[in-house]
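Everything numeric here is computed off the predicted structure, so don't read it as measured data. All heavy atoms count here, side chains included; hydrogens, waters and symmetry mates do not.
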Amino acid sequence: MYRFLLTRQWVILTLLGLVLIPTMIELGFWQFHRHEHRVEQNELISRNLDAPPVPVTELTSPGHTVPRSDYWRTVTATGTFDTEHEVVVRRRTSDDDRIGVHVLTPLDLKDGGTVLVNRGWVPAAPNQTAYPDVPPAPKGEVTVTGRLKADETTGSSGIKDLAGLPDRQVMLINSEQQSQLLSRTVLGGYVEQTEPAPSGDLPEQIARPDDSSIGPHMAYAVQWWLFVAAVPAGWIILVRREKRDREQAAAEATAAGTAETAEEPAPASA
């Protein structure tokens, strides 16, 4: 009664199940690894945000690539804002998903050197070629506290670095690019300002990164692995149903044949 498993339909169905099982196992582990990465990143964010502030020059220098282990470290920088060379970073969103720009202002350090400071978000100008209305940075010497971030690249951010932009507008926060524009050395990475707070509502400072949500990846992993168990279970159910249907059809055919034989007239006697 199981010869039907050798039919083309059942061979294809069985092979499909055999392909789906390892595929779904792999997808489950992919989601599980994403969960582990998210948990690891949350721990890194919490650890670095809770670490005591250090001078920015202790963690970066001109041409330095900020390692992942130093992302979000709280740093301080004392100097004077160079508002003449301030630029805005296009296509950035606020906390409530409004499109605008980030304000990127060089800070000339008291002890020498320059570091880029992301002062926060402001609305874009109505005309994309115009420079937006940006509240001025504090004058005189100021001590900035913020989160250390790595330079943005197209590869790391997914943002295309467009050419031919209006004056003082950029797509990426990149210390090497700004160093060329400023014609002086700039510390690698940049500082995401948290203090001092702006005197008004703008620039809107960037919110603290989320270090509490682990996302749905573990649930997705478990879901894929449950699908793995469902494939052979479903295959067995279908096989039993097919066997039962075939047995029932065979029994009905036998019963019908017996009834026809019983209904045939007896041969006439001589």
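- Alongside Val19, the hydrophobic cluster contains no other residue (criterion: ILVMFWY side chains under 4.5 Å).
- In terms of heavy-atom proximity, Leu182 sits nearest to Asp82 at CD2-OD2, 4.3 Å.
- In plain terms, the two heavy atoms of Val122 and Pro135 that are nearest each other are CG1-CD, 4.0 Å.
- Side-chain contact annotation: Asp161 with Thr154, donor-acceptor N/O pair under 3.5 Å absent.
- You'll find the side chain of Trp225 reaches within 4.5 Å of the side chain of Phe32, heavy atoms only.
- Aromatic ring pairs are classed by plane angle as parallel below 30°, tilted from 30° to 60° and perpendicular above 60°; the pair Phe4 and Trp10 is perpendicular.
- Between Ile173 and Asn118 the shortest side-chain heavy-atom distance falls below 4.5 Å.
- Side-chain atoms of Asp210 and Ser212 form a donor-acceptor pair, as typed in the model, at a separation below 3.5 Å.
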Check step by step if salt bridge (charged side-chain N to carboxylate O under 4.0 Å, His left out) holds for Arg92 and Glu152.
CA-CA 13 Å; Arg92 302 299 165 118; Glu152 295 178 346; 2.8 Å; yes

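- For CD of Glu176, the number of neighbouring non-hydrogen atoms (other residues, nucleotides, ligands) closer than 6.0 Å is 12 at most.
- Salt bridge Asp95/Arg98: absent, no basic N to carboxylate O contact under 4.0 Å.
- No side-chain donor-acceptor contact under 3.5 Å links Arg246 to the backbone of Arg241.
- When each of Arg90, Gln169, Arg91 is paired with Leu162, the side chain to side chain contact (heavy atoms under 4.5 Å, CB included) condition holds for Arg91 and for no other.
- The number of heavy atoms from other shown groups lying within 6.0 Å of CD (Gln128) does not exceed 12.
- Paired with Arg119 under the rule salt bridge (Lys or Arg N to Asp or Glu O under 4.0 Å), one option of Glu192, Glu86, Glu204 passes, and it is Glu86.
- Of all heavy-atom pairs spanning Tyr131 and Val88, the tightest one is OH-CG1, 3.6 Å.
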Go through Thr145 and Gln193 one step at a time and tell me if the side chain to side chain contact (heavy atoms under 4.5 Å, CB included) criterion holds.
CA-CA 6 Å; Thr145 302; Gln193 181 177 335; over 6 Å; no

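- In this structure, Arg34 forms a cation-pi arrangement with Trp30, its terminal cationic atom sitting closer than 6.0 Å to the ring centre and no more than 45° off the ring axis.
- Closest non-hydrogen pair, Arg147 versus Thr194, comes out as NH1-CG2, 3.4 Å.
- For Trp224, the ring-ring contact (aromatic ring centres under 6.0 Å, His included) partners two or more places apart in sequence, or in a different chain, are Phe227.
- In summary, the side chains of Thr114 and Arg184 do present a donor paired with an acceptor at a separation below 3.5 Å, with no hydrogens or angles considered.
- In the hydrophobic clustering, where aliphatic and aromatic side chains (Ile, Leu, Val, Met, Phe, Trp, Tyr) are joined below 4.5 Å either directly or transitively, Tyr71 groups with Leu44, Ile45, Leu49, Val54, Val56, Leu59, Val66, Trp72, Val75, Phe81, Leu107, Leu109, Val115, Val117, Val142, Val144, Leu148, Leu187, Val191.
- Under the 3.5 Å distance criterion, the side-chain polar atoms of Arg38 are left unmatched by any main-chain donor or acceptor of His217.
- A 6.0 Å sphere centred on CG of Asp133 holds no more than 12 heavy atoms belonging to other residues, nucleotides or ligands.
- Here the closest non-hydrogen pair linking Pro132 and Pro123 is CB-O, 3.6 Å.
- Using a 4.0 Å cut-off between a side-chain N of Lys or Arg and a carboxylate O of Asp or Glu, Glu40 and Arg68 qualify as a salt bridge.
- What you find for Pro232 and Ile21 is that their closest heavy atoms are CD-CD1, 4.2 Å.
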Derivation and outcome, side chain to side chain contact (heavy atoms under 4.5 Å, CB included), residues Asp151 and Thr65:
CA-CA 7 Å; Asp151 286 326; Thr65 299; over 6 Å; no

Would Leu172 and Val89 count as a side chain to side chain contact (heavy atoms under 4.5 Å, CB included) here? Give the steps.
CA-CA 6 Å; Leu172 299 169; Val89 190; 5.9 Å; no

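- Looking only at distances, a side-chain donor or acceptor of Ser157 sits under 3.5 Å from a matching main-chain atom of Thr153.
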Going through the distances and angles, do Leu238 and Leu13 end up as a side chain to side chain contact (heavy atoms under 4.5 Å, CB included)?
CA-CA 10 Å; Leu238 290 176; Leu13 182 63; 4.1 Å; yes

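- Looking at heavy atoms from C-beta onward, Gln178 lies out of side-chain contact with Pro106 at the 4.5 angstrom threshold.
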